[in-house]
Protein chains: 2
Amino acid sequence: MNDTFKALADPTRRQIIQLLKERDLTAGEIADRFSISKPSISHHLSTLKNAGLIDDTRQGQNIIYSLNMTVIQETLGWFLGMMGTKGDDSRV
Amino acid sequence: MNDTFKALADPTRRQIIQLLKERDLTAGEIADRFSISKPSISHHLSTLKNAGLIDDTRQGQNIIYSLNMTVIQETLGWFLGMMGTKGDDSRV
DNA sequence: ACTTTATTTAGATGATTATCTAAATATCTA
DNA sequence: TAGATATTTAGATAATCATCTAAATAAAGT
């Protein structure tokens, strides 16, 4: 959970996630959309992958990244849990 | 938005939020529930307040902190936007 | 006014992080 | 196997962050 929030606490990484929401992309395609170096993007991708937010699969020379909705759903659940009646401590 | 995610990217701050979900608490009551120093908790509270996640109001010697659901709702919205059909780029 | 209690602000320190360049690895093609 | 392309790993550096102790501010009680 902490890895997830830490991964999301960076604007570049959130943008990457937004890009992957549209369609799967190779590391290079992702890097092309930013003005920072490829190694930096690679590092961000590794952070996102480590948090379980994205998956990767090699296809020839390319590595294709895709969103993994599982962790996003879990995190959404955290917020939903937050939205119960304020002060709700489960007394019926 | 970035302030929100950064504020949430710390376990102590998330725990503070969980505590405030149950009921409003003074700075001291919050600090009592952690093993780190009061100044550190005060700093965390200031980070959360800066992100709009909590409000404070002085009452005598105490400062009472409370959850502000507005930003939490907005952030929930971010996740909901994420949950649209994967690949959804709005072609009807 | 002085003391106590509650809280924050200041200033310092060690750890983590975002970024870079250079080098390594992996795959494909000629 | 040599060369080109795609990507990551290594190592360095500057910035940000979590934490601490000590000092300052605020309110209340004596």
Worksheet entry | Near-ring test A:F79/B:F79, centroid separation under 6.0 angstrom | yes
Discussion item. Near DNA chain D, counting only heavy atoms under 4.0 Å, which residues of residues 4-12 of chain B show up?
Written reply: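 Output list: B:K6, B:D10.
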Worksheet item: Looking at B:H44, does any N or O in its side chain come under 4.0 Å of the phosphate oxygens OP1/OP2 on D:dC17?
Response: no
Worksheet item: Taking only side-chain nitrogens and oxygens of A:S37, does any of them come within less than 4.0 Å of OP1 or OP2 of C:dC20?
Response: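 Yes, within the criterion.
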Measuring from atom [atom1] of [X] to atom [atom2] of [Y], what distance do you get when rounded to the nearest 0.5 angstrom?
{"X": "A:E29", "Y": "A:R33", "atom1": "CD", "atom2": "CZ", "value": "6.0 Å"}
{"X": "B:S40", "Y": "B:L45", "atom1": "OG", "atom2": "CG", "value": "11.0 Å"}
{"X": "B:H43", "Y": "B:L48", "atom1": "NE2", "atom2": "CG", "value": "10.5 Å"}
{"X": "A:M69", "Y": "B:M82", "atom1": "CE", "atom2": "CE", "value": "6.5 Å"}

Between atom [atom1] in [X] and atom [atom2] in [N], what is the gap in whole Å?
{"X": "A:L48", "N": "C:dA18", "atom1": "CG", "atom2": "P", "answer": "10 Å"}
{"X": "B:I36", "N": "D:dT21", "atom1": "CD1", "atom2": "C1'", "answer": "14 Å"}
{"X": "A:D3", "N": "C:dT17", "atom1": "CG", "atom2": "C1'", "answer": "14 Å"}
{"X": "A:I16", "N": "C:dA18", "atom1": "CD1", "atom2": "P", "answer": "11 Å"}
{"X": "B:Q59", "N": "C:dT7", "atom1": "CD", "atom2": "P", "answer": "12 Å"}

Practice prompt. Summarise how protein sits on nucleotides 2-14 of chain D as a single string, 5' to 3': B when a protein heavy atom is under 4.0 Å from the base, S for sugar-phosphate-only contact, - for no contact.
Written response: ---BSSBB-----
Item to complete: Quick one: closest heavy-atom pair of A:Y65 and A:A27, and the distance?
Response: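 Shortest heavy-atom separation between A:Y65 and A:A27 comes out as CE1-CB, 3.9 Å.
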Worksheet entry | Contact summary for B:V71 and B:G52, nearest pair of heavy atoms | CG2-O, 3.4 Å
Fill in: Toward the 5' end of DNA chain C, by each residue's nearest nucleotide, A:R13 or A:G60
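The residue mapped nearer the 5' terminus is A:R13.
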Worksheet entry | In one Ile/Leu/Val/Met/Phe/Trp/Tyr side-chain cluster, 4.5 Å: B:L53, B:I64 | no
Discussion item. Once salt bridge (Lys or Arg N to Asp or Glu O under 4.0 Å) is applied, what residue pairs with a partner in residues 52-61 of chain A remain, sequence neighbours excluded?
Written reply: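 Pairs touching residues 52-61 of chain A that pass the test: A:K49-A:D56.
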